[in-house]
Amino acid sequence: MSDEKICKRIWHGFWKLQFWKKCLVFDLCCFCVIIGAVYIGAGNGRMIKQELTAALQRHQDAQSASAKAQGDTGEDVRKPETVKESEEEYERQEQKKKIALTFDDGPHPQYTPEMLSVLKERNVKATFFLLGEEVEKYPEIVKQLQEEGHVVGNHSYKHEQLSKLTMEQACKQVNRTNDLIYDITGVYPSYLRPPFGDWHEKLDCEVNMVEVLWDVDTLDWSSKNHANIVQKVLNNVKENDIILMHDGYETSVTAAREIIDTLQKQGYEFVTVDEILFD
């Protein structure tokens, strides 16, 4: 009898069985298949488990050997030193205290360029309040101030006490200087330091500028003494202070150099006045 006929007879016999008998036969067949699979694969299963266990043990042994070779201290030996250095630098930046250096009465043909060299070497930005009559004489220095990232402010035209002038005269002093600076830099000044710190009480209505005074006056124009200027700042400065200096004296240049070097070591960061006033 052919295999095909045998299969047909088995199928017909199964079909004639009652429903519950069919279910029983089907369940028995499934059970046999499962038992056979387990029996056949048991050996392979044990082999796979043994191989995985051995691989895991080898990995643990390698980790242990690496820790011993590098002198394991319980810390993460994989953390790069560059990451630690970056974190330390970020913390130092966060801890820096801001102060602003400002210079009046310039530009001076000799000492303003020297002051700019000092600032550039130390990556310091400052604020320069310029006199209009000096701006007319040395436009190339004004241009250099702007190009090197310093803030250019207005210090009137002739360093006259604005409160003693008429409203028209005071506004003319300020507006004329603004126009001169704009013609050179392409930017109108936003900050005004009135000579002697004396602000015309009604000038606010005429001039849309921010008045900037100071916290520490070095009196460098009076003493012209390097040590006195430096000590005046170091003894009085604190965070967010605005320091008043002038860029028309040799002693101011040398004093500014020492002030910057000393205060940077103390964690100070030199910024322009806008960062003090508005941050």
Side-chain angles (χ1 to χ4, degrees), residues 98-162 165-200 202-214 221 240 242-249 252-253 256-257 260 269-279:
K98 293 181 179 180
I99 50 176
L101 269 179
T102 63
F103 300 97
D104 286 5
D105 297 355
H108 187 277
Q110 178 179 349
Y111 297 121
T112 300
E114 290 183 11
M115 190 72 77
L116 287 174
S117 295
V118 169
L119 298 176
K120 189 173 185 178
E121 288 170 1
R122 290 154 179 79
N123 194 30
V124 167
K125 305 303 180 188
T127 305
F128 289 80
F129 292 98
L130 308 182
L131 292 173
E133 61 182 355
E134 301 303 317
V135 170
E136 283 183 316
K137 296 176 186 176
Y138 311 108
E140 69 283 354
I141 300 178
V142 179
K143 185 69 172 175
Q144 183 181 357
L145 288 169
Q146 193 247 4
E147 289 176 345
E148 294 187 5
H150 304 286
V151 169
V152 177
N154 188 323
H155 197 42
S156 80
Y157 185 78
K158 283 190 175 182
H159 206 279
E160 296 183 272
Q161 195 166 345
L162 298 181
L165 302 178
T166 66
M167 177 67 68
E168 181 181 357
Q169 290 172 330
C171 288
K172 184 177 180 180
Q173 287 263 349
V174 174
N175 290 330
R176 184 177 179 184
T177 303
N178 278 345
D179 290 339
L180 288 168
I181 293 173
Y182 175 81
D183 289 342
I184 297 168
T185 66
V187 179
Y188 279 107
S190 298
Y191 303 98
L192 170 66
R193 174 170 285 167
F196 312 102
D198 189 6
W199 182 248
H200 199 300
K202 295 182 180 180
L203 198 59
D204 285 328
C205 301
E206 302 293 330
V207 180
N208 186 26
M209 301 180 74
V210 178
E211 179 190 12
V212 180
L213 298 180
W214 55 86
W221 61 273
N240 292 323
I242 296 175
I243 301 168
L244 169 60
M245 299 187 71
H246 296 77
D247 54 335
Y249 310 98
S252 296
V253 175
R257 181 187 296 114
I260 294 169
E269 178 185 8
F270 289 88
V271 299
T272 50
V273 294
D274 49 311
E275 293 191 51
I276 297 291
L277 297 175
F278 301 113
D279 278 6

A.B. asks: Donor-acceptor pair, distance only, cut-off 3.5 Å: does the side chain of N154 make one with the backbone of V174?
C.D. replies: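 Answer holds: yes.
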A.B. asks: Is R176 paired with E136 through a side-chain N to carboxylate O contact shorter than 4.0 Å?
C.D. replies: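 The answer is yes: the pair qualifies as a salt bridge.
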A.B. asks: Under 3.5 Å, is there a donor-acceptor pair between the side chain of S252 and the main chain of D247?
C.D. replies: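 Here the side-chain-to-backbone pair does not exist.
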A.B. asks: Is there a side-chain contact between I260 and L119 in this structure, where contact means two heavy atoms from C-beta onward sitting under 4.5 Å apart?
C.D. replies: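 I260 vs L119: side chains touch.
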A.B. asks: Are the charged groups of E134 and K137 less than 4.0 angstrom apart, N to O?
C.D. replies: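 Yes, charged N to carboxylate O under 4.0 Å.
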A.B. asks: With a 3.5 Å distance limit and no angle check, can you tell me whether H155 reaches the backbone of R193 through a side-chain donor-acceptor pair?
C.D. replies: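 At least one qualifying donor-acceptor pair exists.
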A.B. asks: Please confirm whether the backbone N or O of P194 pairs with a side-chain atom of S156, one donor and one acceptor, at under 3.5 Å?
C.D. replies: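 No.
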A.B. asks: Evaluate the side-chain proximity of L116 to F128: yes if any heavy-atom separation is below 4.5 Å, no if none is.
C.D. replies: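 They are in side-chain contact.
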A.B. asks: Donor-acceptor pair, distance only, cut-off 3.5 Å: does the side chain of K125 make one with the backbone of E148?
C.D. replies: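 At least one qualifying donor-acceptor pair exists.
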A.B. asks: Which word best sums up how the rings of Y191 and F278 line up, parallel for under 30°, tilted for 30 to 60°, or perpendicular for over 60°?
C.D. replies: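 The rings of Y191 and F278 sit tilted, inter-plane angle from 30° to 60°.
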A.B. asks: Considering non-hydrogen atoms only, spot the tightest contact between T272 and A126 and give its length.
C.D. replies: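 What the structure gives for the nearest pair is CG2-O, 3.4 Å.
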A.B. asks: More than 12 heavy atoms of other residues, nucleotides or ligands under 6.0 Å from CH2 of W214: yes or no?
C.D. replies: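 For W214, atom CH2 is crowded (more than 12 foreign heavy atoms under 6.0 Å).
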A.B. asks: If you take all heavy atoms of D198 and L162, which pair is closest and at what distance?
C.D. replies: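 Reported closest heavy-atom pair: O-CB, 4.1 Å.
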A.B. asks: Could you walk me through whether L145 and L130 satisfy the side-chain contact (heavy atoms from CB on, under 4.5 Å) test, starting with their C-alpha distance in whole Å, then the side-chain angles of each, then the deciding distance to 0.1 Å, before giving a yes or no?
C.D. replies: CA-CA 11 Å; L145 288 169; L130 308 182; 4.0 Å; yes
A.B. asks: With a 3.5 Å distance limit and no angle check, can you tell me whether E269 reaches the backbone of K98 through a side-chain donor-acceptor pair?
C.D. replies: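 Flag not set: sc E269 to bb K98 has no pair under 3.5 Å.
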A.B. asks: Taking all heavy atoms of R257 and all of R122, pick out the closest pair and write down the distance.
C.D. replies: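 Heavy-atom minimum between the residues: CG-NH2, 3.0 Å.
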